[in-house]
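Below is one structure, written out as structure tokens; the observations come after it.
All chains are named by letter (A, B, ...) in the order of the sequence lines, taking the proteins before the strands, and each is independently numbered beginning at 1.
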Amino acid sequence: MSRIIPIIIVTCLCASPLLAQTVHQVDIKTFAFVPATISAAVGDIIEWTNHDFAPHTATGDGWSTGELKYDATGRYIVSVAGVVVYHCAYHPHMTGTITVTEAK
Amino acid sequence: MTRIKTALIAAAALFAVSGTAFAQAGLNDLEIAHAAYTADIIDIGYAKIALAKSHNADIRAFAELMIRDHTAVNEGAAALLAKLKVTAQDNAFSKALLAGAATKTTELNALDGAAFDRAYAANELGYHQTVNKIVGETWIPAVKNAEVKSFLEQALVTFKVHEEHANHMVGMLK
Ligand SMILES: [Cu+2]
């Protein structure tokens, strides 16, 4: 089986390349985002890895990683401070929250 | 052994299989893999009928989910079998599953509109309940290879989500 790993950068508007970006890992396993709640600063990268056979997505208001197959990884750069709530487009009961603070 | 028999008898009843003498023996790992693969293919088949016939948005979304998830589980199964350098083995239970599915397919194809939607949803619920019971209570305890066992455990997580979803759908269509 070929494993296609789409790296999707949905938003890349304001992060200066000079700023250190922290990558926050979120696992998707047994139909849940783990951890379901994380904190990040503006410009940070959130990276989801799907450990389920079932494809999932991380989808928020106006952005999505797109379909993440088994073992695939998708990314999103948080660009605005505030609370970002996201879900899986295929299994909407799967939800997660990112609390985004101003850039460090 | 009694539990295995009960599960198989329940399956036989649901799939309207008569006279198939498959209940007496447990399946080996490769037969279980084949039967699991077959169960996936059958549900993908039901979903394709739903996409061809139903205009109900919830039914269509569920059918698309079934195709996406069961295809992914079967890709996982194929990858595991390739890694283990083994081939799944056809067996009487897989054949019984297919025979039951042929009967159900004829039934579903004869229905239209809301009657089809209700029958599809009810079948999805019953099918996942039955398969999940067999996977959880018979196959996972029986399987010898640890990787096949962990594969089935993962697949069962997916199928249980489907069962819950189907249950919700049956309630909505009442
Ligand atoms: Cu999902």
Side-chain angles (χ1 to χ4, degrees), chain A residues 1-10 25-38 46-76 84-98, chain B residues 33 36-37 39-41 43-44 47 57-58 60-86 88 128 131-132 135-136 140 147-169 171-172:
Chain A
M1 190 182 72
S2 68
R3 301 256 163 79
I4 300 160
I5 304 186
I7 306 289
I8 294 154
I9 299 178
V10 179
Q25 309 279 351
V26 178
D27 289 319
I28 307 177
K29 49 185 173 192
T30 58
F31 286 74
F33 296 108
V34 184
T37 305
I38 58 168
I46 318 299
E47 185 176 275
W48 290 268
T49 304
N50 180 19
H51 303 280
D52 284 344
F53 287 126
H56 298 292
T57 76
T59 301
D61 198 4
W63 61 271
S64 180
T65 58
E67 179 169 300
L68 301 176
K69 292 193 172 189
Y70 178 57
D71 260 0
T73 297
R75 288 180 157 199
Y76 171 59
V84 176
V85 178
Y86 65 92
H87 64 278
C88 168
Y90 302 147
H91 311 101
H93 68 276
M94 296 170 57
T95 57
T97 304
I98 311 162
Chain B
Y37 190 85
D40 275 327
I41 294 287
D43 203 47
I44 291 169
D58 294 319
R60 296 185 67 84
F62 182 85
E64 278 166 7
L65 182 72
M66 292 307 104
I67 291 174
R68 192 186 300 115
D69 286 359
H70 286 286
T71 300
V73 168
N74 272 357
E75 282 172 4
L80 175 58
L81 293 177
K83 183 187 158 202
L84 298 173
K85 296 191 170 62
V86 291
H128 281 91
V131 171
N132 290 352
V135 173
I140 289 174
E147 285 181 279
V148 175
K149 195 187 280 280
S150 116
F151 165 78
L152 285 175
E153 283 164 350
Q154 251 247 51
L156 185 58
V157 170
T158 304
F159 302 162
K160 282 197 166 156
V161 170
H162 294 171
E163 181 182 329
E164 228 169 88
H165 196 145
N167 193 20
H168 180 71
M169 209 167 52
M172 269 190 344

_Heavy-atom pairs under 4.5 Å with chain A: which of Thr71(B), Asn74(B), Leu65(B) has the most?_
Leu65(B)

*asked:* Taking the ring of Tyr86(A) and the ring of Tyr76(A), is the distance between their centroids below 6.0 Å?
replied: no

*Against chain B, label His91(A) side chain, backbone, both or neither, depending on which of its atoms sit under 4.5 Å from a heavy atom there.*
side chain

*Supply the atom-to-atom distance Tyr70(A) OH to Glu75(B) CD, rounded to the nearest 0.5 angstrom.*
12.0 Å

*Judged by atom type as modelled, is there a donor-acceptor pair below 3.5 Å linking the side chain of Asn132(B) to the main-chain atoms of Phe159(B)?*
yes

_Proximity breakdown for Val73(B) and chain A, heavy-atom pairs closer than 4.5 Å_ = both

*Nearest 0.5 Å please: distance from the CD1 atom of Ile38(A) over to the CD1 atom of Ile98(A).*
5.0 Å

